[in-house]
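Contents: one structure, followed by commentary.
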Amino acid sequence: MPGYTVIPGRGARRDFVEGLASALGADIVEPIAKEFPDGETYVRVEGEVNGTPVVVQGLYPEQNNRLVELLLLVEAVHAYTGRDPVVVLPYLAYARQDKRFLPGEPISVHVVLKALEASGGGHLVVVDAHKPEALSVYTPGYTNVLPAEAFAEKIRGIAEGREAVVVAPDKGALGRAEALAKLLGARHDYLVKKRDRVTGEVKYMPRHVEVKGALVILVDDIVSTGGTMAKAAEILYSQGAGSVIAACSHGLFIGNALEKMKRAGIREVYAANTVPLPEDVEVVDVSKLVARALTERLKRG
Ligand code: R5P
């Protein structure tokens, strides 16, 4: 009898679900899910759910629909099994609205987490949350899985034998750059970015980073419009970088983001398999890291 049963929502990437189930030694039980003619979502769990139920859902694209499906699925699994399912969210949508930047705004990520808890969600596992401390409102507890190991494995080959610098495109990503640099035996540094909260426009403050002739690996949690990565690459080339590549945990690549990044001279783009990805992005599998973090955390109780 398996220790876990993986129950995926329709938003979850297939390779992630299969990788996770295989690493956990778990069966996959597919729920029934559909939309009613009026657009409302329907789910039903059927079949044998042995051991700890693990609900996996992808929350991008169609964040709002996938979120409702997640809540319904968690409630259904909770009632069907009599247990609080572990919830695996490779990409936590709404994570960037983690405070009231302007008066009158909601703290969206708290609303999402509280709804998940009210639906019967158990321990929550996410990949590279924008700011992990925002998850502390979720009382069943959470694990934030850092993907640096998986990125290091994939990038090591091109960094070997070269002067490499891992750069965070803003201070918020400094910890990510530091972790990857440590695993690659490289230096790390950061740029200073300011975002206009009303227009969303990104500006960089002057800061010298020692990158002359080096391979620069830009690392961030999310690529959305690609503006951050593109501007950071331009600055690094203007400071003498030899070549720039980019790695991100959640590659949303809205509109012409990838093209913008390529135009700025970013040679290769690596992204974790937390959301659907365009074809010319190098996919980094993080499902095994998630399985390991989940089992270690549940063993500790
Ligand atoms: C923001 O703080 C995030 O870490 C990313 O830097 C940001 O979401 C990237 O957005 P964009 O690709 O639109 O510049």
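Order of appearance sets the numbers: ligands from 1, and atoms from 1 within every ligand. As a basis for the values below, the full set of heavy atoms in this structure was taken, side chains included, without hydrogen atoms, waters or symmetry mates.
- For E48, the CD atom sits in a loose shell: 12 or fewer heavy atoms of surrounding residues, nucleotides or ligands are nearer than 6.0 Å.
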**OP:** Step by step, work out the salt bridge (charged side-chain N to carboxylate O under 4.0 Å, His left out) result for E149 and R292.
**Re:** CA-CA 12 Å; E149 246 182 79; R292 191 178 77 197; 2.8 Å; yes
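- Here the protein heavy atom with the shortest distance to atom 3 (C) of ligand 1 is D221 OD1, 3.5 Å.
- Of the possible donor and acceptor atoms, none in the side chain of D189 sits under 3.5 Å from a partner among the backbone N and O of A168.
- Only the side chain of K193 comes within contact range of ligand 1, with a heavy atom under 4.0 Å; no backbone atom does.
- Under a 4.0 angstrom heavy-atom cut-off, G172 registers as lying outside contact with ligand 1.
- Looking only at atom types and distance, the side chain of T143 has a donor-acceptor partner in the side chain of H123 under 3.5 Å away.
- What sits closest to atom 14 (O) of ligand 1 on the protein, heavy atoms only, is T228 OG1, 2.5 Å.
- The residues K99 and E105 are annotated as not salt-bridged, no charged nitrogen and carboxylate oxygen being separated by less than 4.0 angstrom.
- Of the listed residues (D220, D170, T225, D128), the one carrying the non-hydrogen atom nearest atom 5 (C) of ligand 1 is D220.
- Here is the list of ligand 1 atoms found below 4.0 Å of a heavy atom in R195: 7 (C), 9 (C), 10 (O), 11 (P), 14 (O).
- Near V223, the atoms of ligand 1 lying under 4.0 angstrom from a non-hydrogen atom of the residue are 12 (O).
- Nearest protein neighbour of atom 2 (O) of ligand 1, counting heavy atoms only, is H130 CE1, 3.2 Å.
- Contact between R96 and ligand 1 is present, with at least one heavy atom of the residue lying under 4.0 Å from the ligand.
- In terms of protein heavy-atom proximity, atom 9 (C) of ligand 1 is closest to I222 O, 3.4 Å.
- Using a 4.0 Å cut-off between a side-chain N of Lys or Arg and a carboxylate O of Asp or Glu, R156 and E160 do not qualify as a salt bridge.
- Among all heavy-atom pairs drawn from A134 and D98, the shortest one is CB-CB, 3.9 Å.
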